[in-house]
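Notes follow the structure.
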Amino acid sequence: MLSLVVGACLVGSIVAVLPDVSVTVQDGALHFSMQHVPGIKGVHFSYQQDNGADKVLPLHGKAWRVDGQWTLKDDRLSLRVGDSVQYSVHAITGQGKVHSPVNVWTYAPLLTPGPRRQRGAVVFRDDFNGNSLNEGQWDIETSMYGGYNWEFQVYTPEKYNVRTQNGNLMLCPTKTTDDPRWDENYLHTGVMDMNQLYGKCTESGAYGCQREGKNGLLPPVMSGKIKSKPTITFGYVEVRARIPKGDFIWPAIWMLPRGSDYGQWPRSGEIDIMESRGNTQPWDQGVGAVSSTLHWGTSAGDNHFMQTTGAHRGGDFSSDFHTWRLEWTQDHLRTTIDNQEIMRVNVPGGGFSQLGPTQNIWHSRMGPFDKPFYLMLNVAVGGMTGFFPDNWNYGYEKPWKNDSPHGVDDFWANRGRWQGSWQGDKTCMEVDYIEMRNL
């Protein structure tokens, strides 16, 4: 982490100088952070990447106040080691605006040796036997951010969305209006501010921290998502779980890199151990099917996931518990459900670029899948990027179109089509245990 001092006088204000600005890369995104002090009413960052390109477009962003910090996250940049970012701060005070000088930050991640690995040793296991989730080992997502899929849910720490019950973890979607604090009018005219509601916001991208109903319907669904604090590089990840049933519910068991050593998504990789759809129609694309996918490439437009994906079809996978397993070695990645293979990717000696073909930006056989990854469990709903195609037969006309400018409004307005399929805890992802283990 690199902190740079930005000095500027705030005339007539309580603040004499702006606090230090911290610039970091976390989970593949560039983060700016500055401590809040009295006298500052708002903060904007202006910045641009300097990697030797002839044309560099300046970027601007409004910071959000999160846990006493003014923070801005941007996951659009593709940073490589040695790239520089020029930035300045614009603070809004009761006396007007204050502009800092332009500063330069260079991406130089600190490489430190990790602990010695014991073969077959359990890195992390959770059986969810406590009265609540162990937040020493898990982070609970608290945000409307949907990974730019523009999903329809807001992730909350509410007990009806994230809880332990009878020795299992329960991640459950609920209608926002089921909470007596909010009604139909609130969705259209209210303000959803995660910092005010829960004292924190974990993801600010895609208006994740604050939205106003007058600008578009507020999330009509609340749900649960957790991220493991422990990580693993090569080994086994095992999850025993029952997946949800309910139209347009999108459960996932997946992994992302703790850092972004190779740059922004998908340059640093993504491992989807399990994805499914809660629909009963079409059966072979709903609860009767589960899939696994690796995302990798030089940019979002060069994502070669179609070459590293697989599916398994059978009975109703939501009716009982099943065991998903990732086997991650020095030459392949393999996923299974109840010991039946879903996906296997054998990596050529020259690395993933030979599977593309694409530019070799990793320079190692298993890159980008050779860094520490953490585990995520979540239950999303809907979305606008085609995971629920418009032309499938769902047993009725799909409530929204993926190219609609008001997809979430249509999904909610046509809830009479889908809400009958949401039956109590059947809509939950129910997890018995997770385990990460070294090779």
Side-chain angles (χ1 to χ4, degrees), residues 1-50 56-77 79 83-108 139 141-145 148 154 156-157 186 189-216 218-219:
M1 179 179 294
L2 176 65
S3 295
L4 297 175
V5 177
V6 180
C9 294
L10 301 184
V11 180
S13 157
I14 299 174
V15 184
V17 294
L18 290 174
D20 294 357
V21 172
S22 173
V23 186
T24 60
V25 173
Q26 303 172 26
D27 298 342
L30 183 69
H31 287 251
F32 295 95
S33 180
M34 185 181 80
Q35 184 179 359
H36 171 72
V37 292
I40 297 179
K41 300 181 180 296
V43 172
H44 288 75
F45 289 94
S46 297
Y47 53 101
Q48 63 184 26
Q49 183 178 357
D50 182 6
V56 179
L57 296 177
L59 300 170
H60 309 278
K62 176 184 177 182
W64 295 95
R65 186 175 166 187
V66 180
D67 295 334
Q69 298 281 331
W70 291 99
T71 64
L72 172 67
K73 169 188 171 182
D74 190 331
D75 56 9
R76 296 169 295 175
L77 300 182
L79 291 173
D83 284 352
S84 296
V85 174
Q86 302 176 16
Y87 71 93
S88 61
V89 186
H90 311 277
I92 302 171
T93 75
Q95 304 299 318
K97 295 182 179 179
V98 177
H99 305 277
S100 78
V102 175
N103 291 268
V104 178
W105 171 84
T106 301
Y107 182 41
D139 290 316
E141 184 88 319
T142 307
S143 175
M144 292 171 278
Y145 174 73
Y148 293 99
V154 52
T156 86
Y186 167 80
T189 63
V191 176
M192 186 169 284
D193 187 313
M194 306 307 289
N195 286 302
Q196 290 186 2
L197 288 170
Y198 302 110
K200 65 178 180 179
C201 177
T202 55
E203 290 285 355
S204 61
Y207 309 100
C209 291
Q210 185 187 63
R211 296 183 190 176
E212 298 185 36
K214 67 180 182 180
N215 298 323
L218 296 176

S88 and P101 have their tightest heavy-atom pair at CB-O, 3.7 Å
What closest approach, in Å, do A206 and Y145 show between heavy atoms, and which atom pair accounts for it? CB-CD1, 3.9 Å
List for me each residue that meets side-chain hydrogen bond (donor to acceptor under 3.5 Å, both in side chains) alongside S143, sequence neighbours excluded, and say none if there are none. none
Within-4.5 Å side-chain heavy-atom neighbours: E203 and E141: yes
Are the side chains of N103 and V21 in contact, using a 4.5 Å heavy-atom criterion? no
Check side-chain hydrogen bond (donor to acceptor under 3.5 Å, both in side chains) between Y186 and all other residues, then give those that pass, not counting sequence neighbours. none
Please identify each residue that fulfils ring pair (Phe, Tyr, Trp, His ring centres under 6.0 Å) with H90, with sequence neighbours left out. H99
What pairs with D193 under salt bridge (Lys or Arg N to Asp or Glu O under 4.0 Å), at least two apart in sequence or on another chain? none
Quick check: closest heavy atoms across L218 and G213, and the distance to 0.1 Å? CD2-N, 3.7 Å
Mind checking salt bridge (Lys or Arg N to Asp or Glu O under 4.0 Å) for K214 and listing every partner two or more places apart, or none if nothing turns up? E212
Contacts of R65 that satisfy side chain to side chain contact (heavy atoms under 4.5 Å, CB included) - sequence neighbours left out: H36, W70
Measure across M194 and G208 and return the closest heavy-atom pair with its distance rounded to 0.1 Å. CG-O, 3.6 Å
Report the distance from atom CG of L72 to atom NE2 of H44, rounding to the nearest 0.5 Å. 9.5 Å
Do D139 and T202 have side chains that get closer than 4.5 Å, going by heavy atoms? no
Check side-chain hydrogen bond (donor to acceptor under 3.5 Å, both in side chains) between T142 and all other residues, then give those that pass, not counting sequence neighbours. none
Check the pair D74 / L59 against side chain to side chain contact (heavy atoms under 4.5 Å, CB included), numbers first and verdict last. CA-CA 10 Å; D74 190 331; L59 300 170; 3.8 Å; yes
By side-chain hydrogen bond (donor to acceptor under 3.5 Å, both in side chains), Q35 pairs with (sequence neighbours left out) none
Please examine the side chains of V191 and Q210, heavy atoms only from C-beta on, and report whether any two atoms are closer than 4.5 Å. yes
Suppose we screen for side chain to side chain contact (heavy atoms under 4.5 Å, CB included). Which residues come up paired with T156, at least two apart in sequence or across chains? V154, E158, N161, Y198, M222
Output the distance between atom CZ (R211) and atom CE (M192), rounded to the nearest 0.5 Å. 9.0 Å
Would you check if L30 and Q49 make a side-chain contact, meaning some heavy-atom pair closer than 4.5 Å? no
Measure across S84 and T106 and return the closest heavy-atom pair with its distance rounded to 0.1 Å. OG-OG1, 3.2 Å
Pairing residues for F32 by the ring pair (Phe, Tyr, Trp, His ring centres under 6.0 Å) criterion, not counting sequence neighbours: F45, Y47, Y87
Shortest non-hydrogen separation from V66 to C209 and the atoms involved: CG2-SG, 4.5 Å
